[in-house]
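Just the heavy atoms: all of them, side chains too, but no hydrogens, waters or symmetry mates, feed the values below. These numbers were taken from a predicted model, which means no experiment stands behind them.
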Amino acid sequence: MNNSMTLIEFQREYRTEEDCIQAIFQARWPRGFNCPKCGHDFGYRLSQRRSIQCASCRRQTSITSGTLFERSKIPLQKWFWLIYLMSQDKGGISSTRAAELLEMHYATVWFMMHKLRVAMGNRLVGRTLSGLVEIDDAFFGGKTKGKVGRGAAGKLNVVVIVERLDRHAGDAALVVLPDQSGEAFLQSVESVVEPMTHVRTDGYSTNSMLHGLAGELNMTKIGKDYSEHGPLENVDRVISLAKRYLLGTYHQYCSRVHLQRFLNEFAFRFNRRYQWSQLFSRTLAAAAPNPPVQYAALS
């Protein structure tokens, strides 16, 4: 599987369903086939089927079973085209636009894209941030009348954590908080930050709860005069980019049930921004081992 490809190379490499099957096989078993029943490391491809037969126990294993593509009636070429479209633009692509380009029904593409976002999110699970990190929270949601910012109606609170490498941003994590309690905030930070990490944040009182987690905690009082080169410059930039991504691509407010998946897509791409040409293969590698996703799990 080619890690870096142009549009022309993509078209050339995945011309047929068989090309896509071979790519899924390589992504699922990068070190070669391994029988899920007996563990034997050799099997024969059945020419008339999308299956591998174990040379030892003779069990037949579907190449797409146990993957995001299991029992999908959508041609694999269209799946691959959608992965390419989602991974090749920093702002992503909307379901409406993808449906137009692929000549598919909007609802079908919406479901496929959320499946891929689940796979991207699962790829982020267990990956922690360390060293020096910047932490801040932000409120995501559409424009509403009345109070703005903290406590505003209809807004979702998101904690945003970004590694600081010198003055540049490293990897990022964005977690939707179930509520605005200090406990929810602390648990969210603990889930993505290694213990004893140096933390830089603002002077909001809830942040003092991080004393037990952080190796060093710097709570800086942020003045009214904002500076793009301030103490939280990287996390501020990531918050701005994430909001611009949601507004520019989807033009709408995301409900709590969907927002985390959209933010996972953003973080998946952001954390691989220096390997942009590899994003297609990275996304496919996330989808291949991901268990099937049912519609009920997305609503």
Side-chain angles (χ1 to χ4, degrees), residues 1-30 33 36 43-53 60-89 91-123 249-250 258 261-262 264-265 268-269 272 276-299:
M1 180 168 54
N2 191 353
N3 285 333
S4 172
M5 62 177 64
T6 65
L7 175 60
I8 300 302
E9 290 172 334
F10 174 84
Q11 292 177 306
R12 185 184 303 121
E13 185 152 347
Y14 302 111
R15 291 178 297 176
T16 67
E17 288 288 290
E18 180 60 27
D19 293 335
C20 298
I21 281 288
Q22 289 297 328
I24 294 173
F25 175 88
Q26 292 173 20
R28 184 178 179 184
W29 293 292
F33 174 74
Y44 301 95
R45 173 71 190 278
L46 301 178
S47 59
Q48 302 301 316
R49 303 179 64 181
R50 297 179 175 182
S51 301
I52 304 292
Q53 180 168 292
Q60 295 181 10
T61 302
S62 169
I63 294 174
T64 56
S65 67
T67 75
L68 209 64
F69 313 104
E70 181 177 299
R71 296 183 180 178
S72 175
K73 297 180 181 179
I74 307 301
L76 291 176
Q77 282 181 289
K78 291 205 171 187
W79 270 106
F80 275 46
W81 265 111
L82 182 59
I83 292 174
Y84 189 85
L85 292 172
M86 289 181 69
S87 64
Q88 293 305 303
D89 191 295
I93 187 171
S94 69
S95 302
T96 302
R97 181 58 177 155
E100 291 173 352
L101 292 172
L102 296 174
E103 298 182 337
M104 297 175 64
H105 193 278
Y106 168 83
T108 301
V109 174
W110 182 94
F111 186 31
M112 293 167 66
M113 291 180 73
H114 274 291
K115 282 186 172 187
L116 290 168
R117 291 185 184 110
V118 169
M120 291 175 179
N122 288 338
R123 204 66 164 183
T249 304
Y250 303 104
H258 299 311
R261 289 195 291 274
F262 282 105
N264 288 343
E265 179 189 352
F268 185 88
R269 275 199 302 266
R272 294 160 177 80
W276 202 258
S277 60
Q278 300 178 21
L279 263 171
F280 172 82
S281 61
R282 297 292 183 89
T283 307
L284 181 59
N290 198 89
V293 178
Q294 303 302 319
Y295 184 83
L298 302 178
S299 57

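How far OG1 of Thr283 is from CD1 of Ile83: 6.5 Å, rounded to the nearest 0.5 Å. Residue Phe80 holds its CZ atom at 4.5 Å from CD1 of Ile24, rounded to the nearest 0.5 Å. Atom CZ of Arg15 sits about 11.5 Å away from atom SG of Cys20, to the nearest 0.5 Å. We find the CG-OG1 distance between Asn290 and Thr67 to be 8.5 Å, quoted to the nearest 0.5 Å. The distance from atom CG of Asp19 to atom CZ of Arg12, rounded to the nearest 0.5 Å, is 12.0 Å. With rounding to the nearest 0.5 Å, the separation of CZ in Arg282 from OG in Ser277 is 9.0 Å.
Atom CZ of Arg49 has 12 or fewer heavy atoms from other residues, nucleotides or ligands within 6.0 Å.
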Decide salt bridge (Lys or Arg N to Asp or Glu O under 4.0 Å) for Glu100 and Arg97; before the verdict, give the C-alpha distance in whole Å, the side-chain angles of both, and the deciding distance to 0.1 Å. CA-CA 5 Å; Glu100 291 173 352; Arg97 181 58 177 155; 3.2 Å; yes

Yes or no on side-chain hydrogen bond (donor to acceptor under 3.5 Å, both in side chains) for Glu18 and Gln22, after CA distance, side-chain angles and deciding distance? CA-CA 6 Å; Glu18 180 60 27; Gln22 289 297 328; 3.0 Å; yes

Evaluate the criterion side chain to side chain contact (heavy atoms under 4.5 Å, CB included) for residue pair Arg272 and Gln278; output intermediate values, then yes/no. CA-CA 8 Å; Arg272 294 160 177 80; Gln278 300 178 21; over 6 Å; no

Between Thr108 and Lys78, does the side chain to side chain contact (heavy atoms under 4.5 Å, CB included) criterion hold? Intermediate values first, please. CA-CA 11 Å; Thr108 301; Lys78 291 205 171 187; over 6 Å; no

Test salt bridge (Lys or Arg N to Asp or Glu O under 4.0 Å) on Arg269 and Glu265; report intermediate values, then the result. CA-CA 6 Å; Arg269 275 199 302 266; Glu265 179 189 352; 2.7 Å; yes

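Ring geometry for Trp110 versus Tyr295: interplanar angle of 30 to 60°, hence tilted. Between Phe280 and Tyr14, the ring planes lie tilted relative to each other; the angle falls in the 30° to 60° range. Classified by interplanar angle (parallel below 30°, tilted 30° to 60°, perpendicular above 60°), the ring pair Trp79/Phe69 is perpendicular.
Within the 4.5 Å cutoff, the side chain of Met113 has heavy atoms near those of the Leu82 side chain. Side-chain contact between Met120 and Met86 is present, with heavy atoms from C-beta onward closer than 4.5 Å. Using a 4.5 Å cut-off on side-chain heavy atoms (C-beta onward), Phe262 and Thr249 make no contact. Between Ile74 and Met104, the closest side-chain pair of non-hydrogen atoms falls below 4.5 Å. Side-chain contact check for Met112 versus Leu102: every heavy-atom pair is 4.5 Å or farther apart. Looking at heavy atoms from C-beta onward, Leu101 lies in side-chain contact with Ile93 at the 4.5 angstrom threshold. A 4.5 Å side-chain heavy-atom check between Ser65 and Arg28 finds at least one atom pair inside the cut-off. Side-chain contact between Asn264 and Arg117 is absent, with no heavy-atom pair separated by less than 4.5 Å.
The heavy-atom pair separating Ala287 from Ala119 by the smallest distance is CA-CB, 4.0 Å. Taking all atoms of both residues into account, the shortest heavy-atom contact from Ala98 to Val109 is CB-CG1, 3.8 Å. Counting all heavy atoms, side chain and backbone alike, Val118 lies closest to Arg261 at CG2-CD, 3.6 Å. Considering all non-hydrogen atoms of both residues, Arg45 and Ser51 come closest at CD-O, 3.4 Å. Counting all heavy atoms, side chain and backbone alike, Thr6 lies closest to Tyr84 at C-OH, 3.5 Å. A pairwise comparison of heavy atoms in Ala288 and Ala27 identifies CB-CB, 3.7 Å as the closest pair.
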